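Sequence positions, counted from 1, serve as the residue numbers for this chain. Only heavy atoms go into these numbers, but all of them, side chains included; no hydrogens, no water, no symmetry mates. This is a predicted model, so every value here is computed, not measured.
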Amino acid sequence: MTGEWIRFAAASGLLILGVGFMVAAVFGVNRFHHALNRMHAAALGDTLGLLFVILGTITMRGFSMDSLKLAMVIVFFWIASPVCSHMISRLEAMTDESLGEIMVLEKNNGVRVEQTENIKAGEKAVSKKKKQKKGGRER
């Protein structure tokens with residue numbers, strides 16, 4: 001009798017944890033602005049959520065042939081999900097023309113700066129240093 005309650009508590013904890021990951025993924029998908037960020041939140045949320053939900057059902061059902069089938073579902077999903085996510089992200093990268101204009105937060109003051117501006121500023125700084133070195137050698 002006590003063993004059944006312990007198994008029920010463990011299964012309930014795993015199910016709640018899995019549903020929690022899925023709910024967090026929903027908020028992550030709605031919070032992010034760029035498609036690649038949304039896809040990342042969705043892929044991680046459903047992968048971990050499904051893992052814990054199926055582990056909870058395996059624990060609740062007990063270890064049998066049904067548990068083996070559910071474990072095979074987990075393995076298939078963990079193999080197929082990254083491949084699908086990668087294919088979708090490649091499609092997004094190939095079709096999105098403004099992908100290089102993603103906003104990046106500066107570390108020091110929290111100001112949002114476009115990535116292309118950072119690259120241009122870095123190129124200017126490098127060219128100034130090269131000019132200074134050339135000027136120093138000529139003297």
> With a 4.5 Å limit on heavy-atom distance, are the side chains of Asp66 and Thr57 in contact?
Replying inline: no
> What closest approach, in Å, do Phe32 and Ala41 show between heavy atoms, and which atom pair accounts for it?
Replying inline: CE1-CB, 4.0 Å
> Is the shortest heavy-atom distance from the side chain of Leu15 to the side chain of Val19 under 4.5 Å?
Replying inline: no
> Between Leu70 and Arg61, is any pair of side-chain heavy atoms under 4.5 Å apart?
Replying inline: no
> Which distance, rounded to the nearest 0.5 Å, do you find between the CG of Leu50 and the CG of Leu55?
Replying inline: 9.5 Å
> So which heavy atom on Ser89 is nearest to which on Met39, and how close?
Replying inline: CB-CE, 3.3 Å
> Side chains of Leu51 and Trp78: does their closest heavy-atom pair fall under 4.5 Å?
Replying inline: yes
> Which heavy atom of Ser81 sits nearest a heavy atom of Asp46, and at what distance?
Replying inline: OG-OD1, 4.4 Å
> Roughly how far apart are Ile6 CD1 and Glu4 CD, rounded to 0.5 Å?
Replying inline: 10.5 Å
>> Applying side-chain contact (heavy atoms from CB on, under 4.5 Å) to Val29 and Val26, what does each step give before you reach the verdict?
In response: CA-CA 5 Å; Val29 168; Val26 168; 5.9 Å; no
> Any idea which heavy atoms bring Phe77 and Thr47 closest together, and the distance?
Replying inline: CE2-CA, 3.8 Å
>> Measuring from atom CG of Leu17 to atom CE of Met22, what distance do you get when rounded to the nearest 0.5 angstrom?
In response: 10.5 Å
>> Tell me the closest heavy-atom pair linking Ala25 and Gly45, and the distance in Å.
In response: CB-CA, 3.5 Å
> Same cluster or not: are Phe63 and Val73 linked, directly or through other Ile, Leu, Val, Met, Phe, Trp or Tyr residues, by side-chain heavy atoms under 4.5 angstrom apart?
Replying inline: yes
> Going through the distances and angles, do Ile58 and Leu14 end up as a side-chain contact (heavy atoms from CB on, under 4.5 Å)?
Replying inline: CA-CA 10 Å; Ile58 288 172; Leu14 288 170; over 6 Å; no
